[in-house]
Protein chains: 2
Amino acid sequence: MKDHTEVTIYHIAEKLGLATSTISRALKDHHSIGKKTIEKVKQTAKEMGYRPNNLAASLRSKKTKTIGVLLPTITQPFLSSLISGIEIACQKAGYNVVIMQSHDSYEQEVNLTQSLYNNRVSGIICSLAMETQDTSHFQLFIESNTPLVFVDRVPKHFSTFRVVIDNYAAGYKATKHLISQGCTRIAHLTAGSEFSIYFERKKGYLDALKEANLAIDENLIIKLKAVTYEEAENATNKLLDMKNPPDGIFAPGDILGVSAIQCAKKRGIKVPEELAVIGFNNDPISNIIDPNLSTITHPAEKMGQASAEIILKHLKHPKKGEDAKEITFLNTEVLVRESSMRNKTE
Amino acid sequence: MKDHTEVTIYHIAEKLGLATSTISRALKDHHSIGKKTIEKVKQTAKEMGYRPNNLAASLRSKKTKTIGVLLPTITQPFLSSLISGIEIACQKAGYNVVIMQSHDSYEQEVNLTQSLYNNRVSGIICSLAMETQDTSHFQLFIESNTPLVFVDRVPKHFSTFRVVIDNYAAGYKATKHLISQGCTRIAHLTAGSEFSIYFERKKGYLDALKEANLAIDENLIIKLKAVTYEEAENATNKLLDMKNPPDGIFAPGDILGVSAIQCAKKRGIKVPEELAVIGFNNDPISNIIDPNLSTITHPAEKMGQASAEIILKHLKHPKKGEDAKEITFLNTEVLVRESSMRNKTE
DNA sequence: TTGTATGCGTTATCAC
DNA sequence: GTGATAACGCATACAA
C-alpha cells in the first residue's frame, strides 16, 4: 500500500501541460474553455483518480454548500421527518446537512450555534430549545448575512424567516371538533412558556370554547412539566378523579393523547363514549393505539423542505434584510379517527 | 449595517504587535506560550469578535473534525436513535456530524459516498442500502486510511469495523421463546437478500425449530417484498387462511409484528391465545399496540455511540489496517410482553 | 517563549 | 481560450 498522496488540479495541469486555472475551469464546464480541452481534462482527472477538495474550494470561494440544522432532538417522529425533508431538498441541490441536537438546553444551543458559524455553514435551520428565551446568539448569522430559518418552535421577537403551522387555528379546530362530537367539558393539557407553540394551541382551545358558549374551567387545564407519557398519565388521572370529570381531552401531542387513552382504558372509562380524545402531530403511534387516536396532521417533511428551499432560494438570489420577516404557514387538518367519533354525522 | 469583514488571527496579531503564529498557538492553549500572552490574546480575540475559520484550519491540518453518516433513511425509529447516539458521542468530542440518506438506493449511496469523500470527512459510519451488493465505492476510504464503520446492515465481504447485534442469536432466542410458550407451528416473515440481517434472523429461527424437533414448514415462511405494514398484513392473511394455520409468528420487525396483531384481531383471532406474536427492535409502537408486542431489544443509541467511539479512538491512535476486521457485538434481549405470554411460568 | 516563512488546494483577477 | 499569480485563513517546521 503506497503512500496515498492527493491528486490535485496541479497534478492534472502538469500532466497535460496546462495551467491550474484552466483545469479548474474545465472541471466546472466554464464556457470560456474549449470543448476538447474540457473533455480531455475530465478524462485524465478520472484516470488519475482526482477528487476535488471541497474544503479548499470553500475557503477560497467563501461558500460552503452545507447548511446547518439545530434541533432539540432528532428521535421524535416529527423532527426526524422534518430533517428528512431538509435532507432531501438539500441533496437535490448538492448541499450537505450537518445536524446538531440541543437536547432542549439553552447552553448547548448557544455553543452549537457558534460551532455552526465556525464551520461557515451557508445557512441554518433551527427549532428552538424549550429553555431558550433569549435568541441573541443568532445575531451572528444576521450580521454575516447568513440565511436563517426558524421552524416549528420559533422565537416571538426575532426578525427572520419562519416556517410554522398556525398553532392557534389548529388548537381551535381540534377543540371545535370535540364540541361537534357533543363534548361540553373539554380538558386540555399544556406545557412550556408563553412563547411556546403550546401557548398558541391553548389560545385556540379557549376561543373555541368561548365561541360555543362553553364555560372555561381552569381545573380542566393542566400544565405539564414536560411533554411525556408519564406527565400526561398523571394529569389524566387527576382529571378523571374529579367529581365532575371531563368528557373530552384535547392533548396537544400524540404521546399525550395516547397516554390519556390508555389511562382511561385502565380505569374502565370508554373512549370515545365517555371520554373523547384528540391528539396532535399524527405520529405513528396515533394510528396504532386502540381506539385510533384522532389527531391534527402536522406536515413535518413539507416543513423541512420548505425551510431548506427558502435558504437555497435566498442563496441563489441574495437580498437585503427587508423582506426577512416572511412567514410561511403550512396547512394542518383534523384527522378524525375512533377516539373522538361519537356521532354518525361525521 | 457595516460591511462585515472577517476578523482573522492576522488582525489580532497586528493589534497586539505579535506574530500570527503566536496568536494561533495562544488560542489553542499551546504550552509554549506564556500565560499572560494567552490571556491577552483570548481577551482581545473576544473583543474583536474573532471567530475561528474551521475551513482554513481543516485545509491546513488535513483534519476536518466532522464525521459522515450514511443511512437508508432517518425516519425509522431505530435509525434516528442510532444517529442520536452518534451525534451525542461526536458532540462530546467536538466533532460534527453530516447526515445523508441513501433511501435504499445503490446509486445514491455511491454518489453520497463520493460527496462525503470530497468533503474530506474524518470518518464515516454507514448502514448499507437494501439494494447494495457491491461495496467497492468504500474502497476510497480504505485507501485514504479514513476510519470506516458499518453498522447494523453491514457487508458480508469487506474488511472493516462493524457494529452489529447477533442477528442469528436474536432470531434463535425469539423463536425459542415462542416455543417455550407452547407454540408448535411458528410462522416467519422475512425479506431482503441472503446478505441481509433478515437472513441471519431466519437462520436462527430455523435452528431453534430444529433443536426443538419441530417440523419446518416452508409454507410458514413468507418472504416480503418490503418491510412494510401492508406487506405484513397480506402475509398474515395468507397464513391465517391456511387450513392448518400457525399458532405463532416471529416477525423480524415491530411494524410487521404490529401489523400481524391487528390483522389477527380483525379476524377475531385471539392474541396470544390462538396466535402468539413476537417482533423485533422495541420500537415505540410495540408498547402501544394492544396487546403489547413482545419484541427483541435493539440497542440503537448504544450502537451509534459505539460506532462513533470506534472512529474517534482510531483518529486519536491511528493504526495500520491489520486490526481492521474488528467486530463489535451488542447485546439483545427478549422483551416478553402480552402478545406472546401464554403460560404463567414466565 | 516568540517570530518567519511557507503551503494546504482551490478560485478569481488580471493579462495575453 | 488560456496562463500567471495572488489570495482564502490558518498551522507548523524551523529559527531566534
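Each chain gets a letter, A, B and so on, in the order the sequences are listed, and its residues count up from 1. None of the values given here were measured: they were computed from a predicted structure.
- For the 3.5 Å distance criterion, the side chains of B/Ser84 and A/Gln101 qualify, holding a donor opposite an acceptor.
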Apply side chain to side chain donor-acceptor pair (under 3.5 Å) to residues A/His30 and A/Ser32 and explain how you reach the verdict.
CA-CA 6 Å; A/His30 196 282; A/Ser32 77; 3.0 Å; yes
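- Contact of B/Arg25 with C/dG3 (side chain to base): a donor-acceptor pair of N or O atoms is detected under 3.5 Å.
- Residue A/Thr8 places no side-chain atom within donor-acceptor reach of the base of C/dT10, judged by atom type and a 3.5 Å distance cut-off alone.
- Contacts of B/Leu55 with the nucleic acid, taken as non-hydrogen atoms under 4.0 Å apart, are absent.
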Review item, side-chain donor-acceptor pairs of residues 58-72 of chain A, under 3.5 Å, at least two apart:
| unit_1 | atom_1 | unit_2 | atom_2 | d |
| --- | --- | --- | --- | --- |
| A/Ser58 | OG | A/Asn54 | O | 2.9 |
| A/Ser58 | OG | A/Lys63 | O | 3.2 |
| A/Ser61 | OG | A/Ala57 | O | 2.7 |
| A/Ser61 | OG | A/Lys63 | N | 3.4 |
| A/Thr64 | OG1 | A/Arg120 | O | 2.8 |
| A/Thr64 | OG1 | A/Ser122 | N | 3.2 |
| A/Thr64 | OG1 | A/Ser122 | OG | 3.0 |

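- Remark: B/Lys156 NZ is packed, more than 12 non-hydrogen atoms of other residues, nucleotides or ligands lying under 6.0 Å away.
- Atom CD1 in A/Ile9 sits about 10 Å away from atom P in C/dG9, given to the nearest Å.
- Side chains of B/Gln43 and B/Glu39: a donor-acceptor N/O pair is absent below 3.5 angstrom, by distance only.
- Side-chain N/O atoms of B/His137 and B/Glu109 include a donor and acceptor closer than 3.5 Å.
- Nucleic acid contact for A/Thr37: sugar-phosphate only, since backbone atoms but no base atoms lie under 4.0 Å from a heavy atom of the residue.
- Atom CG in B/Asn53 sits roughly 17 Å away from atom P in C/dT10 (whole-Å rounding).
- On the nucleic acid side, DNA chain D has its first and last nucleotide under 4.0 Å of a heavy atom of chain B at D/dG9 to D/dC14, going 5' to 3'.
- Rounding to whole angstrom units, NZ of residue B/Lys36 and C1' of C/dT1 are separated by 11 Å.
- When rounded to the nearest whole Å, the span between CG of B/Asn119 and P of C/dC8 equals 20 Å.
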Trace of the ring pair (Phe, Tyr, Trp, His ring centres under 6.0 Å) decision for A/His11 with A/Tyr50
CA-CA 9 Å; A/His11 297 127; A/Tyr50 168 75; 9.4 Å; no
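- End-to-end axis angle of the helix from C/dT1-D/dA16 to C/dC16-D/dG1, using five pairs per end and rounding to 10°, comes to 30°.
- Heavy atoms of other residues, nucleotides or ligands lying less than 6.0 angstrom from CD of A/Glu107 number 12 at most.
- C/dT11 atom C1' lies 14 Å from atom CD1 of A/Ile23, rounded to whole Å.
- Side-chain polar atoms of B/Glu301 and B/Ser81 form no donor-acceptor pair below 3.5 angstrom.
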